[in-house]
Structure formats: structure tokens, C-alpha cells
Amino acid sequence: MSDDDKLYEKAEKIVDEKLGFYYHLYSYITVNIILAIINLIFSPNEIWFWWVSLFWGIGLISHFGKVFIFSKLTPKESMIEKEMEKMKK
């Protein structure tokens, strides 16, 4: 397997993770709008859809962090890349 193939696989994995987050975000927005409408039509005196939004939102924030903030290389991958750079010199 060539270096280009490895880079392609790594890039594909990153893109898949980002797309997964965007699908999750789209679902969150769509479902919460529907729940808000249902809540406001059928039980406007009890606002319960906020609870769903809150707890699902916590999961969404966690997903965001995993994909965009903490998606750096694992220590092993980082060490492998450093060694590969040394070997190229």
C-alpha cells in the first residue's frame, strides 16, 4: 500500500466522521422543530420539548468535540508520522 493510498484512507475516514456529524446536526434540528410544533399545538401549557433538545444537544456537542476538536492523531499515529518524516530525510 503506497503512501498516497494511506493518506486517501485517512482523509476518507475524516470526511466520513465530518459527514456523520452534519447528518446528526440535521436530524437534531429537524426532529426538534417537529417536536416543538407538536408540543406547542397539543400541550402549549407544558413546554417539554426543551428537555429533548437539551439532552440530545449534549450528545451533539460531544459528537462535535470528537470530530472537530479531539480528532487529532492518537499518540501512536503521531509517533509513526514523526518516524516517517525522519526516514524521509
Side-chain angles (χ1 to χ4, degrees):
M1 183 178 268
S2 72
D3 285 341
D4 287 340
D5 291 337
K6 290 177 186 177
L7 285 174
Y8 180 84
E9 283 184 11
K10 191 172 189 176
E12 185 177 33
K13 181 183 177 202
I14 291 169
V15 168
D16 287 343
E17 288 177 359
K18 288 180 180 181
L19 285 174
F21 170 77
Y22 291 128
Y23 294 144
H24 188 182
L25 177 62
Y26 175 75
S27 299
Y28 173 81
I29 292 168
T30 304
V31 169
N32 280 292
I33 287 171
I34 292 168
L35 288 176
I37 292 168
I38 290 170
N39 182 187
L40 296 173
I41 289 173
F42 293 105
S43 57
N45 296 331
E46 272 187 63
I47 306 297
W48 50 261
F49 78 92
W50 288 111
W51 292 107
V52 176
S53 299
L54 173 70
F55 290 110
W56 192 351
I58 291 169
L60 187 66
I61 290 168
S62 170
H63 193 174
F64 176 85
K66 177 183 174 274
V67 172
F68 293 102
I69 297 171
F70 302 110
S71 67
K72 307 292 185 243
L73 300 174
T74 63
K76 181 179 177 181
E77 290 173 329
S78 178
M79 291 172 72
I80 290 171
E81 282 197 359
K82 285 179 185 175
E83 290 300 321
M84 288 174 63
E85 288 299 320
K86 286 181 189 176
M87 290 178 183
K88 289 180 184 178
K89 293 179 183 179

Is there a path from [X] to [Y] through hydrophobic residues (I, L, V, M, F, W, Y) whose side chains come within less than 4.5 Å of each other?
X     : Y     : answer
Leu54 : Phe64 : no
Val67 : Phe70 : yes
Trp50 : Val52 : yes
Tyr28 : Tyr22 : yes
Ile34 : Tyr23 : no

Inset, instruction - With Ser53 as reference, evaluate Phe49, Trp56, Trp51, Phe55 under the side-chain contact (heavy atoms from CB on, under 4.5 Å) test and give the passing residue. - result: Phe49
Inset, instruction - Quick one: closest heavy-atom pair of His63 and Glu17, and the distance? - result: NE2-O, 4.4 Å
Hey, what do you get for [atom1] ([X]) to [atom2] ([Y]), rounding to the nearest 0.5 Å?
X     : Y     : atom1 : atom2 : value
Asn39 : Ile47 : CG    : CD1   : 5.0 Å
Ile38 : Trp48 : CD1   : CH2   : 6.0 Å
Leu25 : Ile29 : CG    : CD1   : 4.0 Å
Leu40 : Leu35 : CG    : CG    : 10.5 Å

Legend entry - Donor-acceptor contact below 3.5 Å, side chain Ser62 vs main chain Ile58: no
